[in-house]
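Structure, as structure tokens:
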2 protein chains.
Amino acid sequence: MPYTHTHRILIALDCIIFGFDGEGLNLLLVKRNFEPEFGKWSLMGGFLNEGESLEEAAHRIVFDLTGLDNHYLEQFQTFGATTRDPVERTVSVAYYALVNIEDQDMNAIRSHNASWISLHKKPYLIFDHDIMVEEALKRLRTKAALNPIGFELLPGKFTIPQLQKLYEAIYDTKLDRRNFSRKILSTKLLMGTGEKDMTSQTKKGQLYSLNTHEYVRQQKGNFGFLPELILVDA
Amino acid sequence: MPYTHTHRILIALDCIIFGFDGEGLNLLLVKRNFEPEFGKWSLMGGFLNEGESLEEAAHRIVFDLTGLDNHYLEQFQTFGATTRDPVERTVSVAYYALVNIEDQDMNAIRSHNASWISLHKKPYLIFDHDIMVEEALKRLRTKAALNPIGFELLPGKFTIPQLQKLYEAIYDTKLDRRNFSRKILSTKLLMGTGEKDMTSQTKKGQLYSLNTHEYVRQQKGNFGFLPELILVDA
DNA sequence: TTACAATTGTGTAGTAGTTACACAATTTAT
DNA sequence: ATAAATTGTGTAACTACTACACAATTGTAA
């Protein structure tokens, strides 16, 4: 026998999908070719299905769009203003995901009319999606300052300077190259592969030489991680 | 015209209400005199109403139970396992609240069959409420280590040692009395009232003398706050 | 091969913050 | 007044962070 309460509504899920292209943070956004708000940009979203947990639904949504199965995914806030969706009342559970921008399924992305867009050039998004992005970024910053989760945005093998650029992008700041390297290596989270990076490209006519070692993720841990950073809202 | 999707469900809200009695953290729990799970303990909860935001609903639930209107309230996680409620599928948005245990409405509490129960003596709770309490405590610990929110659990005026006992209760640890006092006062968050605490009681046959000054909350701020503490999961 | 520019790794002094503890001051009871 | 309990201030040792000097490595070009 069900509850006597009657206000049953749709549960939406919206996913803020972060990617890193070596220079800055990017968002995977959908240009809507359906109503409402045809032609406007939005986050990738969907509705909760019967027999599906929130976690499963969020995972499905990211997988459908990127073809990626092995990404970091964290629920961060649920949005429930009565007027947030003009079509009908919905409550939206928001997740952010960190994916490696390189090994995605371009067909899946194209078929959803989606694009990677630099966070700095983010267009206006429908509904309350702009606020969602803002809150997701806040959470990512807090989380990444205390936990080593940034690695999810990089390929399996990467150099220390690449990692530094990632953190500089997340926090929109500059970090001291030498102290950063020392700090990262002191955590023992990384280990050298003995290989060199052969994928380097010359940029702006300048050379990009590379270190003897690349690093792969070695272990997980929780600890204060990047002390040069200030947490504004944890 | 509504969406074509059809899986409309109830939105529940569950509130983890923390109080501090001068010694340890307490939870405000409800002994159910209704089905399902008659006679078992649960968190205070309710359903989202039409025309009501999540925030408003959570506030209403805490107000109904405590008569308190001016408490700290933070959404921390939404629970959506398909089997979490045996009656029918619901998704529950969980909030935790910090209330001053002294100026509550005892009639409201009694009429809901609720009691303050020490966190250390928490009984088994129905559904996924045990997990909710665990997650709420994690979040409270992270939040209070970075932001000065613990004050919400104390009366308007309090002594430094009272505040220290509160933090020791939150983190289940001992802090150095002298360093704690210095750290708290250095934040300029508190100001002396010039009054003395007249409510002190002799305990275990020993004397409890009091400081010349009590303190009231002066301002808000965000900053790393209690460095002796280690964040396990932020 | 050599020189040179760009990049990356190691050393270290100065600074700031934390920890642990000594000691002084205050309050309360006898 | 004296003693016990409690609270406030001083400080040395330790740790961590910051900023920068300098060495080592890589890649390019004469």
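Labels below follow one simple rule: chain letters A, B, ... track the order of the sequence lines, proteins then strands, and each chain is numbered from 1. In what follows, every heavy atom counts, from backbone to side chain, and hydrogens, waters and symmetry copies are set aside.
- Spacing between atom CZ of B:Arg182 and atom P of C:dA20 amounts to 13 Å, rounded to whole angstrom units.
- Taking atom CD of residue A:Gln162 and atom C1' of nucleotide C:dT8, one finds them 14 Å apart after rounding to whole Å.
- Salt bridge status for B:Lys138 with B:Glu135: present, with a side-chain N to carboxylate O gap under 4.0 Å.
- Without hydrogens or angle criteria, B:Asp21 side chain to B:Gly24 main chain gives a donor-acceptor distance under 3.5 Å.
- When distances are taken from the side chain of B:Arg178 to each of D:dC20, D:dT11, C:dC23, the shortest belongs to C:dC23.
- Here the nucleotide nearest the side chain of A:Asn179, chosen from D:dT18, D:dT11, C:dT19, is D:dT18.
- Judged purely by atom type and a 3.5 angstrom limit, B:Asp130 uses its side chain to pair as donor or acceptor with the backbone of B:Leu125.
- Counting to the nearest Å, the P atom of C:dC21 and the CZ atom of B:Phe180 are 19 Å from each other.
- The NZ atom of A:Lys183 sits 16 Å away from the C1' atom of D:dA19 (whole-angstrom rounding).
- A heavy-atom distance below 4.5 Å is found between the side chains of A:Leu98 and A:Tyr96.
- The distance from atom CZ of B:Arg177 to atom C1' of C:dT26 is 12 Å, rounded to the nearest whole Å.
- Comparing C:dT18, C:dA20, D:dC20 by their closest approach to the side chain of B:Asp176 singles out C:dA20.
- Separating the NZ atom of A:Lys174 from the C1' atom of D:dA19 is a distance of 17 Å, rounded to the nearest angstrom.
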